Amino acid sequence: MGLTEYSSEDLEQEKAIQEQLFQCCDTFESVVFHAGAGSGKTYALVECLKHIVNKNREKLIEHNQKIVCITYTNVAANHIKHQIGASDVVVVSTIHERIWSMIKEQKSALLALHVEKLKNEIKDIRNQLAKKPDFQKYKKLDQVKKQEFFLIMQENREAYYEAYSNNASGFKNSMSEIIPLEYKDLLSNVTKFKSLVDKLFKIERYERCLERIEAKEKEYRVVQYNAKYNRDRLDIMRISHDTVLEYGYQLIEKYPKMRQMIIDQYPYILIDEYQDTTEVAVKMMDLVEKYAKEINHDMFVGYFGDSVQNIYDDGIGGRLNELHTGLKEFDKIYNRRSYKEIIDLANKVRNDRIEQKSIYSDCEGGSAMCYYGTEADIKEFIDMCAENWDCSTENPLHCLFATNQKVAEYSGFLKMYIAFNGTDRYKKGLGYKQLNSELLGQDTRQLGRVPAMFDRLMRLYSEVRNGREPLRNILPTDDFRSISFSELRTLIQVLKSIDGENIEELLKKIFKQYEEKNDKVFKKIIDKVFDLEEASYNAVITEIAKNLYRDDWEESKTAEEMIRPILEIEKQELLNWFDYRNHAEKEKICYHTFHSTKGLEFENVAIILGQDFGKGKGKNLFETYFKEYGKSIEEISDSYETGRNILYVAVSRAIKNLCILYVDHMEDIQDKIEMIFGKIEDIKDGK
DNA sequence: AGCAATTCTCTTTTT
DNA sequence: GAGAATTGCT
């Protein structure tokens with residue numbers, strides 16, 4: 001069995017560290033708690049919260065003060081809320097939510113910052129127009145001409161945007177109808193022309209916004225933050241995540257009163273996963289805490305996390321001590337998650353001063369191995385792991401890949417992933433980043449319009465077939481109650497008859513029934529799935545085309561031709577996709593990206609390290625890590641850290657069994673790999 | 001040939 | 001939205 005008996009000496013030690021932490025809370029000595037993977041970091045944080053509440057609840061209530069706990073995600077916030085139970089003196093939230101709630105009432109100060117930001121942005125764009133070589137031709141025009149050009153473009157704004165997504169020659173054609181000859185030169189390079197006009201329009205929008213703020217127009221009196229949007233829209237008074245923190249920092253820096261207010265209201269601030277927070281958030285904490293010292297007020301800031309588990313681009317990682325000075329440091333070296341073999345390997349991977357030790361005395365009995373092979377060996381490797389560890393739905397194997405595409409491939413919906421990836425919506429611009437949340441988001445609200453439609457369709461499909469109480473979750477409660485048993489049975493029969501090899505067949509079948517049968521409840525169900533004003537085959541096709549493709553398709557192709565790749569997605573792929581997202585069926589083998597496993601733990605883990613992560617062909621995320629392994633701090637590069645952190649997170653998910661497959665050339669790095677993993681074998685000899 | 005314009009390609013994740 | 005790769009122009 002294993003991992004059941006504690007070593008009493010270590011348990012005492014662990015307790016002693018926790019006691020020291022409590023003491024720091026009591027004496028307002030701010031701390032950083034370095035806790036590696038599986039060490040019970042969140043447990044320590046929750047214990048601190050409880051300790052502070054127990055000791056100070058009355059006092060806090062009397063002074064109308066709260067303990068603040070900041071997490072990186074909403075999921076983590078809910079998790080901690082659940083663990084401490086409802087409390088009137090603790091507020092748990094993400095940094096954005098907390099900062100916004102602290103600053104949103106300072107409406108006039110925020111408005112002033114917003115005005116300043118608008119002005120700075122305008123200045124910046126003007127600066128680019130004057131300096132960037134791209135705009136040389138524009139620069140040569142005199143003021144009057146510049147103004148005239150702008151007015152012409154302004155008058156033809158609609159035509160400009162209509163032509164915008166055409167290819168270069170098409171765009172040139174449409175534009176030369178509008179633009180007088182003297183400005184034709186600007187159009188010689190379409191990309192530069194677009195960039196110029198976009199910038200001119202942006203300046204205009206910002207200036208107009210400034211005027212409206214000045215005029216105190218209704219919608220222009222307060223700055224809004226809505227967590228739903230990922231981008232600033234400064235011109236309509238809407239800011240996004242980064243700007244919330246930016247404004248927060250500026251307010252705190254500018255107004256001592258703001259600092260005072262935070263200190264008075266929130267004498268305790270605990271931050272979970274500090275390595276993921278942004279620089280500006282930590283600088284804010286530093287400012288506030290230093291000010292508290294200055295005016296002799298009590299304030300405690302506690303950071304909980306692990307610099308090596310920073311796997312996001314904008315997290316501070318190991319830079320905490322530069323940004324927030326004077327913190328008392330604690331290391332937690334005990335591991336409560338894994339067997340010794342895993343812990344030893346994870347220690348070697350991170351290769352820093354933190355060396356974990358199991359808290360259990362019966363911690364031997366796990367396994368950690370490494371093989372090398374080629375792309376073609378992956379499948380066999382996975383099967384070998386599943387077989388060796390006797391994996392089943394009760395004891396599943398968890399496979400970790402770098403990219404979502406690989407996850408989609410092995411989960412059985414690669415064709416679907418590629419079909420969506422190939423649509424205009426996700427191919428153009430930054431769309432490919434959107435694909436992962438709109439197609440693979442665990443939360444239904446993240447899904448794009450079309451994936452959400454397919455999700456509802458497949459929910460119905462599997463509910464009718466596998467649900468214990470079919471339709472209970474699909475029919476509105478009233479209908480479910482009023483429908484008779486035999487009616488329900490026929491309805492289910494009809495719904496079950498909807499089937500087909502691919503999306504096209506499914507849709508055709510559905511709407512054939514829809515038109516033939518005059519069943520009110522059936523229609524209601526289908527209406528709900530497609531969520532359109534009018535439900536028909538053509539309406540659905542058009543909706544999909546409109547959502548996934550640019551709107552200039554009508555001339556050349558019909559909607560149906562346009563969305564051919566989507567229509568041809570096989571039903572089996574849809575089902576696999578649906579199961580992957582909902583984890584409805586407990587699988588024998590589950591697939592994840594490295595990133596998505598953060599914070600989780602699995603009995604059996606297989607990791608595939610390949611060439612599929614990074615820019616350019618054949619780039620290998622881990623190559624630099626292996627190459628620079630063991631070198632001094634001065635010699636290592638940023639990509640060493642990126643590789644190390646991701647590999648550490650991946651490796652430390654395992655509780656008992658871990659196996660790694662390295663899929664790339666390894667002539668130069670074999671010795672380093674063997675330093676970490678011990679002997680590495682060819683997968684073909686491994687069986 | 002040499003340069004400029006156009007098109008293609010690119011990882012993960014949260015707020 | 002940046003940098004590489006490809007196509008196009010003179």
Side-chain angles (χ1 to χ4, degrees), chain A residues 70-77 93-101 128 132-134 136-137 165-172 185-195 198-199 225-232 239-246 248 272-273 275-278 280-281 309-315 317 400-408 417 421-422 424 426-438 440-443 445-446 592-600 609-622 639 642-643 645-647 649-650:
Chain A
I70 287 167
T71 60
Y72 185 60
T73 65
N74 285 312
V75 173
S93 69
T94 62
I95 184 84
H96 299 86
E97 199 184 326
R98 180 64 26 224
I99 298 294
W100 181 242
S101 80
Q128 286 180 40
K132 259 193 157 186
D134 284 11
Q136 265 200 350
K137 285 173 185 162
S165 48
N166 292 353
N167 64 15
S169 60
F171 181 82
K172 260 184 197 165
D185 206 22
L186 293 174
L187 197 53
S188 68
N189 181 323
V190 169
T191 319
K192 288 177 185 169
F193 181 86
K194 280 184 193 166
S195 161
D198 286 347
K199 288 196 159 58
Y225 165 58
N226 182 337
K228 219 173 77 185
Y229 303 107
N230 289 323
R231 276 170 181 270
D232 282 344
I239 59 170
S240 180
H241 315 299
D242 292 348
T243 310
V244 169
L245 301 186
E246 187 189 317
D272 190 23
E273 306 279 18
Q275 75 280 1
D276 293 325
T277 49
T278 58
V280 67
Q309 285 183 75
N310 167 35
I311 54 173
Y312 303 114
D313 294 336
D314 46 7
L400 277 50
F401 286 99
T403 61
N404 278 311
Q405 179 156 336
K406 275 272 180 297
V407 170
Y417 185 86
N421 202 12
D424 288 350
Y426 303 111
K427 198 169 56 181
K428 311 273 165 180
L430 288 174
Y432 70 94
K433 281 187 179 169
Q434 259 185 5
L435 177 67
N436 290 333
S437 74
E438 291 195 357
L440 305 173
Q442 300 292 312
D443 190 334
R445 284 169 301 181
Q446 287 176 273
H592 316 263
T593 60
F594 297 138
H595 287 79
S596 68
T597 60
K598 202 174 174 199
L600 305 177
L609 306 180
Q611 302 172 301
D612 47 0
F613 195 104
K615 254 188 175 168
K617 274 187 196 125
K619 274 267 172 183
N620 181 330
L621 168 65
F622 304 100
S639 44
T642 317
N645 291 6
I646 294 182
L647 188 58
V649 167

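The structure displayed is predicted, hence computed values, not measured ones. Below, chains carry the letters A, B, ... as their sequence lines are ordered, and counting in each starts from 1.
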Problem - Under-4.0 Å side-chain N/O to phosphate OP1/OP2 contact, A:Asn436 with B:dT12 - result: yes
Exercise for the section: Can you tell me the distance, in whole Å, between the CD atom of A:Glu273 and the P atom of B:dT13? Expected result: 16 Å
Practice task
Could you check how far CG of A:Leu609 sits from P of B:dT12, rounded to whole Å?
Solution key: 16 Å
Exercise for the section: Please examine the side chains of A:Thr71 and A:Glu273, heavy atoms only from C-beta on, and report whether any two atoms are closer than 4.5 Å. Expected result: no
Exercise for the section: Evaluate the ring planes of A:His595 and A:Tyr312, with Trp represented by its six-membered ring, and classify them as parallel (under 30°), tilted (30 to 60°) or perpendicular (over 60°). Expected result: tilted
Handout entry: Minimum-distance nucleotide (side-chain atoms of A:Tyr72 versus B:dT12, B:dT6, B:dT14)
Key = B:dT14
Handout entry: Touch class at under 4.0 angstrom, heavy-atom based, for A:Ala168 against every strand present
Key = sugar-phosphate
Exercise for the section: Give one of base, sugar-phosphate or nothing for A:Lys192, where a contact means two heavy atoms less than 4.0 Å apart. Expected result: sugar-phosphate
Problem - A:Ile311 CD1 to B:dT12 C1', straight-line distance once rounded to whole Å - result: 7 Å
Exercise for the section: Please state whether the phosphate of B:dT12, meaning OP1 or OP2, lies under 4.0 angstrom from any side-chain nitrogen or oxygen of A:Ser596. Expected result: no
Completion exercise
When rounded to whole Å, the CG to P distance for the pair A:Asn645 and B:dT13 reads 16 Å
Practice task
Answer yes or no: side-chain N or O of A:His595 and base N or O of B:dT13 forming a donor-acceptor pair under 3.5 Å.
Solution key: no
Completion exercise
With the side chain defined as heavy atoms from C-beta on, A:Thr191 is closest, among B:dT6, B:dT12, B:dT15, to B:dT6
Exercise for the section: Rounded off to whole Å, could you give me the NZ-to-C1' distance for the A:Lys194 and C:dG1 pair? Expected result: 13 Å
Exercise for the section: Side-chain contact test, heavy atoms from C-beta onward, threshold under 4.5 Å: evaluate it for A:Lys172 versus A:Leu187 and give yes or no. Expected result: yes
Exercise for the section: Remember a base hit wins even if backbone is also touched, and classify A:Asp314 as base, sugar-phosphate or nothing at under 4.0 Å, heavy atoms. Expected result: nothing
Practice task
Could you please name the option among B:dT13, B:dA5, B:dT15 that lies closest to any side-chain atom of A:Asn74?
Solution key: B:dT15
Exercise for the section: Would you mind classifying the nucleic acid contact of A:Asp242 as base, sugar-phosphate or nothing, using non-hydrogen atoms under 4.0 angstrom? Expected result: nothing
Practice task
Indicate whether OP1 or OP2 belonging to B:dT6 is found under 4.0 Å from a side-chain N or O atom of A:Lys172.
Solution key: yes
Problem - Pairwise 5' ranking along DNA chain B for A:Thr403 and A:Val190, keeping only the more 5' one - result: A:Val190
Problem - Candidates B:dT12, B:dT15, C:dG1 - which lies nearest the side chain of A:His241 - result: B:dT15
Practice task
Would you please confirm or rule out a distance under 4.0 Å between OP1 or OP2 of B:dT14 and any side-chain N or O of A:Asn230?
Solution key: no
Exercise for the section: Please answer whether the main-chain N or O of A:Gln136 pairs with a side-chain N or O of A:Lys192 as donor and acceptor at a distance below 3.5 Å. Expected result: no
Completion exercise
With the side chain defined as heavy atoms from C-beta on, A:His96 is closest, among B:dT6, B:dT15, B:dT12, to B:dT15
Problem - First of A:Ser188 and A:Thr94 reached from the 5' end of DNA chain B, by closest nucleotide - result: A:Ser188
Handout entry: Nearest-Å distance once atom P is located in both C:dA5 and B:dT11
Key = 14 Å
Exercise for the section: Counting heavy atoms from C-beta on, name the nucleotide in B:dT7, B:dT14, B:dT12 closest to the side chain of A:Thr73. Expected result: B:dT14
Exercise for the section: Answer yes or no: is there a donor N or O on one side and an acceptor on the other, between the side chain of A:Asp232 and the main chain of A:Ser240, under 3.5 Å? Expected result: yes
Exercise for the section: Taking the side chain as every heavy atom from C-beta outward, state whether A:Leu435 and A:Tyr417 have any atom pair closer than 4.5 Å. Expected result: yes
Exercise for the section: Tell me, with the steps shown, if A:Phe594 and A:Ile311 meet side-chain contact (heavy atoms from CB on, under 4.5 Å). Expected result: CA-CA 10 Å; A:Phe594 297 138; A:Ile311 54 173; over 6 Å; no
Completion exercise
A:Gln434 atom CD is separated from B:dT14 atom P, nearest whole Å, by 14 Å
Handout entry: Atom pair distance, as rounded to whole Å: CD1 in A:Ile239 and C1' in B:dT15
Key = 12 Å
Exercise for the section: Give a yes/no answer on whether the side chain of A:Asn189 brings an N or O atom under 4.0 Å of OP1 or OP2 in B:dA4. Expected result: no
Handout entry: Rounded distance (Å) that lies between atom C1' of B:dT13 and atom CG of A:Leu621
Key = 14 Å
